[in-house]
Protein chains: 2
Amino acid sequence: MNQSDRDQRATTGDPVRRATMRDVAALSGVSIKTVSRVINGVSTVSDDLRDRVTRAITQLDFQPNLAASSLRRTDGATRQIALLLEDVANPFSATLSRAVENVAREHDTLVFAGSLDEEPQRELELVRAATLHRVDGIIIVPAAPDHGYLHREIRTGTPVVFVDRPPRGLAADAVLATNTEGAREAVLHLADHGHTEIAFLGDESSITTVGERLTGFRRALAERGLPERPDRVALDLPDPGTAARAVAAMLDSAHPPTALFTAQNLVTIGAIQTLQARGLHHDVAVVGFDDFPMADLLAPRVTVVAQDVMRIGTLAVQRLFERITGDDGAPREERVPTTLIARGSGEIPPPAG
Amino acid sequence: MNQSDRDQRATTGDPVRRATMRDVAALSGVSIKTVSRVINGVSTVSDDLRDRVTRAITQLDFQPNLAASSLRRTDGATRQIALLLEDVANPFSATLSRAVENVAREHDTLVFAGSLDEEPQRELELVRAATLHRVDGIIIVPAAPDHGYLHREIRTGTPVVFVDRPPRGLAADAVLATNTEGAREAVLHLADHGHTEIAFLGDESSITTVGERLTGFRRALAERGLPERPDRVALDLPDPGTAARAVAAMLDSAHPPTALFTAQNLVTIGAIQTLQARGLHHDVAVVGFDDFPMADLLAPRVTVVAQDVMRIGTLAVQRLFERITGDDGAPREERVPTTLIARGSGEIPPPAG
DNA sequence: TTGAAAGCGCTACCAC
DNA sequence: GTGGTAGCGCTTTCAA
């Protein structure tokens with residue numbers, strides 16, 4: 001959009017100018033500074049003046065300009081933070097968003113939410129937009145392969161907290177799930193129900209969590225003395241459709257798996273689609289990483305390794321506000337444990353014989 | 001600052017001051033005004049100066065302060081809008097959020113997302129927070145019973161677009177679904193499959209959409225000459241648990257319904273929970289208002305009247321930017337049609353005899 | 001306790 | 001084409 005577009009803001013009826021501190025000062029017969037004192041709750045104002053100012057504020061419906069305030073303030077706080085997610089529309093991101101909002105609210109802070117869509121370029125753009133707006137801090141589920149570029153932001157006073165995936169090329173706070181352990185638990189669960197032919201299906205291998213979950217898968221196989229077959233590992237399945245086809249291909253192979261560990265939400269859904277389409281949903285075991293809506297209304301109900309997303313988000317935003325309020329300790333990585341929820345699909349035994 | 005100060009800062013990670021236009025001007029040997037011209041892409045700058053300025057900007061990693069800029073600008077645009085939702089974590093809101101983000105991005109505008117939780121008080125607080133931040137506009141799924149208070153905001157140049165529910169006590173733009181028609185279609189669908197005992201289950205009756213959907217329900221009954229029984233209408237079911245109990249109560253009554261029209265997402269889910277718990281999910285027909293994830297993986301697959309949420313969100317944000325860029329026409333109400341998606345649960349016939 | 005003046009970072013206006 | 005000056009709405013410093 002060009003400049004003239006915005007300049008032509010037309011006006012229905014009389015455009016009403018917003019009241020400023022000067023208007024309030026004039027109406028109440030005090031100086032601007034006294035108005036400022038009242039607004040900011042500084043005690044050194046006599047009751048009489050405070051009353052007059054308060055009345056004028058109400059009468060004029062004065063609303064202080066936060067941007068002007070923070071421009072002048074020593075701390076420069078803008079009371080806004082940025083939350084950069086994979087996609088605001090997916091349940092993981094949306095839940096994270098809610099957790100962040102809840103804590104931000106306590107700090108009178110608004111939250112910019114944005115989607116990166118796993119695109120590094122988008123991450124750079126949104127981080128830049130956030131700094132142009134001088135946000136007080138950034139929470140990010142990163143998409144970029146390297147975060148060295150953020151060092152400058154952190155040094156100039158914009159703290160950054162990573163969520164779900166650790167920073168690379170940068171020391172910064174991070175709140176992550178116990179991916180390896182969770183995946184390991186899922187696969188042990190399948191093995192303990194008698195499965196020896198277990199497949200791994202994951203989304204884009206560039207994402208750190210996928211690697212960690214694959215490690216957990218392998219560790220569990222090794223612990224149970226099960227061999228890993230290359231054709232039992234499918235990666236880079238970004239959506240349910242792709243995942244569904246990968247499952248179909250495995251089922252069509254000479255040695256189809258009897259159990260699936262689906263390392264992400266959408267992959268789980270794709271797998272279920274294929275199993276249902278083939279009428280195998282009561283025959284092939286499935287454990288998914290990350291819970292999802294309706295998992296307990298499907299037939300069979302879906303066994304998952306659930307992440308505590310609210311807790312992850314809450315820890316992240318709390319850490320961010322610690323930084324914003326001056327904490328300058330060494331960066332910390334926190335791991336939030338997962339929980340295996342056995343609902344049925346993960347307890348299906350392998351076919352007899 | 002001497003050299004040792006500098007070294008100490010480097011090691012302790014003390015905050016580095018951000019470069020300003022003045023720094024850029026000093027380094028490139030031009031006036032601040034020329035830097036401003038370069039930043040804003042004004043053409044009246046010689047190539048030579050533009051080059052020097054551009055180099056200085058890169059060298060200093062200068063990032064213009066958007067808040068300072070809009071404070072001074074004639075139009076005062078801050079390039080941020082507020083999106084006030086029922087709850088950022090629910091799928092309807094999350095999808096809306098994504099639609100708004102997509103269009104906002106084209107306008108170099110960030111989106112504040114906030115949750116009202118159906119609490120009028122929260123609405124007032126968040127609208128106030130948004131105006132303190134001087135957002136360029138507000139998109140709202142309202143919770144308050146009256147919106148007269150917004151008249152002032154609109155007059156002072158902050159346009160407001162309503163989504164999902166119309167404004168009350170205020171003339172403003174709105175983008176809504178065809179609730180009455182959609183509900184009517186759902187109930188006619190059930191009637192046309194032979195049902196005469198159809199129940200209505202809806203969430204909080206204070207919400208406008210619930211009333212419209214109930215009207216559609218009644219209209220369909222009337223059209224088919226079916227009587228409306230008071231015990232077949234349950235309202236104020238804010239969550240799946242409450243809805244589940246309401247369904248259970250109806251099933252336990254002397255004349256249980258053979259078909260359910262669930263007027264909202266969470267109500268549909270609660271109804272399915274009860275039907276599954278009683279093993280009746282293949283016997284009682286269900287049509288839900290609003291689609292939901294996994295609806296086509298359940299058994300039976302769930303027939304719904306789907307809203308085109310992306311389209312609703314896109315129309316709303318487009319309307320908002322029209323207002324922001326000067327449109328001062330009369331407020332418009334747009335209705336986005338729903339689509340009945342027959343998947344199975346809505347085509348279950350009533351029990352024979 | 002109160003207020004005058006300076007200035008945050010930037011753009012508008014008007015000189016040259 | 002370029003730059004000086006004023007000022008956006010507010011807080012800070014310092015004097016009264």
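A note on names: the letters A, B, ... follow the listed sequences, proteins ahead of strands, and every chain is numbered from 1.
Between M310(B) and A99(B) the shortest heavy-atom distance is O-CB, 3.6 Å.
Looking only at distances, no side-chain donor or acceptor of E123(A) sits under 3.5 Å from a matching main-chain atom of P142(A). For R323(B) (side chain) and L320(B) (main-chain N/O), no donor-acceptor pair under 3.5 Å exists by modelled atom type.
Contact between the side-chain N/O atoms of T34(B) and the OP1/OP2 oxygens of dG1(D) is not found at any separation under 4.0 Å. Using a 4.0 Å cut-off, no side-chain N or O of S31(B) falls inside it from OP1 or OP2 of dG4(D).
In this structure, D51(B) places its CG atom 16 Å from P of dG1(D), rounding to the nearest Å. What separates CZ of R52(A) from C1' of dT1(C) is a distance of 13 Å, to the nearest Å.
Applying the ring pair (Phe, Tyr, Trp, His ring centres under 6.0 Å) test to residues at least two apart or on different chains, the pairs with a partner in residues 150-171 of chain B are H147(B)-F162(B).
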Going 5' to 3' through nucleotides 8-16 of chain D, assign each nucleotide B (protein heavy atom under 4.0 Å from a base atom), S (under 4.0 Å only from sugar-phosphate atoms) or - (no protein heavy atom that close). BBBBB----

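The environment of R168(B) atom CZ is dense: over 12 non-hydrogen atoms of other residues, nucleotides or ligands sit within 6.0 angstrom.
With sequence neighbours excluded, the residues satisfying salt bridge (charged side-chain N to carboxylate O under 4.0 Å, His left out) with E125(B) are R122(B).
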